[in-house]
Amino acid sequence: MNRSIRPSLEAQELSFGYSSGSSLLDNWSASFYPGTITALTGSSGRGKSTLLYLLGLMLTPSAGEILVEQQSVSYRSDAEKAWLRAHRFGFVFQDAALDITRSVMDNVTETALYRGEPRKASASRALDLLDRFEVDVHPSRKPSQVSGGQAQRIALCRALLFQPSIVLADEPTGNLDPASSKIVIGALREHADSGGTVLIVTHSPEIASGCDNEIVL
Amino acid sequence: MVAAMVFTVMLTTGKAVGSEQKVLGTIDSIGTRTLVVRAEADAGVLNDVMSRVEDIVGVTWALGFSPAQDVTNSAFEDGTPVPVRFAYGTQLGTLSIPERQPISDDLAYVSPEALSQLGLDYPSGSISLNSGAAIAVVGEIETPEVLDRFEPLVVVPRQDSTTDNQPLGLVVVTVDAPENVEAVGKAVLSVLAATDSTKVKIESSKELADLRAIIQSQLGSFSRTLVLALFSVTAVLLTVVMTGLVLMRRKDFGRRRALGGTRSFVFLMLLLQTSILSLAGALAGSLTSLALLAGSGDPLPGMAFSVSVITLTLGTALVAGVIPALIASRREPMKELRVA
């Protein structure tokens, strides 16, 4: 690892626990660098997804700092965190989490809405991504008309549309067939190779072994 | 739900408001503005007071009549008697009687009902008083609403100064506004200069004006209470239903928040969706109910009422949407998006 490159995402002495009193993270620190894929592994209930949502600024740590591009962001206002999520992060959830009432194209370009950009402006790139990830359904179709594997690839297109510097993926291949899993992981690898920072929560040793780093919780 | 609420409001309160307007309109038209003074023949009320009555501020129309006498068709000795009244005043045009009579002799004008009772096919011929004097029938009266109660109506206009000091049995006055009836009534009584005021009775429409106010107040109060109750119930139901819908759509809100939607974005988005759906519901409900009211011949509540109901509906829906929208905007993405 070339340590002259600065981390795009850092956790410094991060602590977090739910109100029940159980502590999931205690003074946990890590740095995530551009151009790398990091696998977060560990048995169920160890806080892998919680950590991912903390790093994605959807939860507030009880102590410690989260830094995005060297800026402390964990205690910023909701609007500022939302801005960072829209402009710096891409998310791939455990299931595709698509809007079933909107078209495939609308789903892929949804983030434009939160970035304050016209959806049409990103339509061409959305079509490229859909083509690249072999989503062979018409963009005007509804998500209910596509398979689970295609839905997750649509979600991947949504996450990568604006080429975010950080992509957080929560078990993105959990419900996918091997072919779809390969496309998803390949796309994340490609994103990392082009300078992105990728974190994947996974239970798959095979996927973890293909990542640059593995953090076991 | 919004459409059903507006439909109910329009069919209940809207109908009530329409009926209220129709009832008030009817009361107004039949004479909340009318005064009728009845004087006995020896009360000392003479025809020369008419000029003074006409001059009273607030009087829009006035006509004096002699005590009624029976007349019959001169062609039938035993014909049906019909009351005839000599009329004093300058405003005969209301009855379609010429302001100036062509000759100085008495001429009679007869309403259609009187024509029928007298056995006349046309407003021509002759009628006879009990005294045997005959009066030529020369025209037909269009009975104004204020004189409906005096049908069958036979009027003999008298404007010549030689007919001064004739006793009046009846003075009919219309007033410019229902609220002025009482004051004008007092003024009319004061100018009548009756020698025996106990023999003069005034039938004012004050009671009718009071009734009008009561109807307006009670129907208005009923309508307000009903609308308030319906809107309150709807607001509560909307809040409950929308909260349920928010919980059903929690994954949607969680996704939006995770992808960069702010809390205020989610809050405003839900309120906007509520407004659009409520407006559509309000329009559908009001148009359907108006069509139904029109189809059944019921009185329509009027544009102002319909617009008010739609505006109030939007306001209610927005208020009802605040709590669900707050709930939606506060959902934690992690709780909504994670698959158990």
Side-chain angles (χ1 to χ4, degrees), chain A residues 16 18 24 44-45 47-60 77-102 107-117 143 155 158-159 161-162 164 168 170-172 174-175 201, chain B residues 1-3 238 241-281 283-284 317-318 320-340:
Chain A
F16 183 81
Y18 287 107
L24 285 173
S44 294
K48 301 183 296 296
S49 293
T50 300
L51 175 60
L52 203 72
Y53 281 88
L54 272 167
L55 294 170
L57 311 178
M58 286 178 258
L59 291 172
T60 303
S77 69
D78 175 71
E80 286 175 302
K81 286 181 184 175
W83 188 93
L84 284 166
R85 286 199 295 273
H87 289 81
R88 296 286 179 269
F89 288 88
F91 294 94
V92 184
F93 305 107
Q94 207 167 353
D95 71 345
L98 300 178
D99 184 347
I100 55 168
T101 64
R102 307 300 294 261
N107 271 281
V108 176
T109 58
E110 183 179 354
T111 315
L113 195 64
Y114 314 120
R115 292 167 63 98
E117 295 173 19
R158 180 180 63 195
L161 183 70
F162 292 103
L168 307 177
D170 188 5
E171 296 187 51
N175 303 318
V201 168
Chain B
M1 184 185 293
V2 169
L238 271 178
V241 170
M242 284 177 63
T243 304
L245 288 174
V246 161
L247 294 177
M248 283 169 67
R249 289 178 62 194
R250 59 189 193 178
K251 201 156 192 163
D252 179 40
F253 299 123
R255 185 196 73 252
R256 288 177 185 278
R257 295 271 294 123
L259 295 180
T262 59
R263 286 190 175 126
S264 53
F265 176 92
V266 172
F267 180 81
L268 292 174
M269 181 190 74
L270 204 68
L271 286 191
L272 183 66
Q273 288 174 348
T274 304
S275 306
I276 293 168
L277 290 174
S278 301
L279 183 62
L283 287 173
L318 284 176
V322 166
I323 291 174
L326 277 174
I327 292 172
S329 67
R330 299 272 155 186
R331 305 301 297 184
E332 288 287 354
M334 180 173 171
K335 284 183 187 167
E336 313 309 342
L337 292 170
R338 286 208 62 199
V339 177

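Chain letters run A, B, ... following the sequence lines, proteins first and then strands; every chain starts at 1. Predicted model only: the values in this text are computed from it and were never measured. Computation of the quantities below employed the complete heavy-atom set of this structure, encompassing side-chain atoms and omitting hydrogens, waters and symmetry-equivalent molecules.
A:Ile100 contributes atom CD1, which lies 9.0 Å from atom CG of B:Asp252 (distance to the nearest 0.5 angstrom).
Contact annotation: the side chain of A:Leu113 approaches that of B:Phe265 to within less than 4.5 Å [non-hydrogen atoms, C-beta and beyond]. Annotation: side chain of A:Asp78 is not in contact with side chain of B:Arg330 (no heavy-atom distance under 4.5 Å). Side-chain contact check for B:Leu259 versus A:Arg85: every heavy-atom pair is 4.5 Å or farther apart. At least one side-chain heavy atom of B:Arg256 sits under 4.5 Å from a side-chain heavy atom of A:Asp99.
Using a 4.5 Å cut-off between heavy atoms, A:Arg115 does not touch chain B at all. Heavy-atom distances place the backbone of A:Leu98, and not its side chain, under 4.5 Å from chain B. Interface remark: B:Arg257 contributes backbone and side-chain atoms alike to the contact with chain A (heavy atom separation under 4.5 Å).
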Is there a side-chain contact (heavy atoms from CB on, under 4.5 Å) between B:Thr262 and A:Lys81 once you walk through the steps? CA-CA 8 Å; B:Thr262 59; A:Lys81 286 181 184 175; over 6 Å; no
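Environment of CG in B:Leu247: crowded, with over 12 heavy atoms of neighbouring residues, nucleotides or ligands closer than 6.0 Å.
The shortest non-hydrogen separation linking A:Phe91 to B:Ala258 is CE1-O, 3.2 Å.
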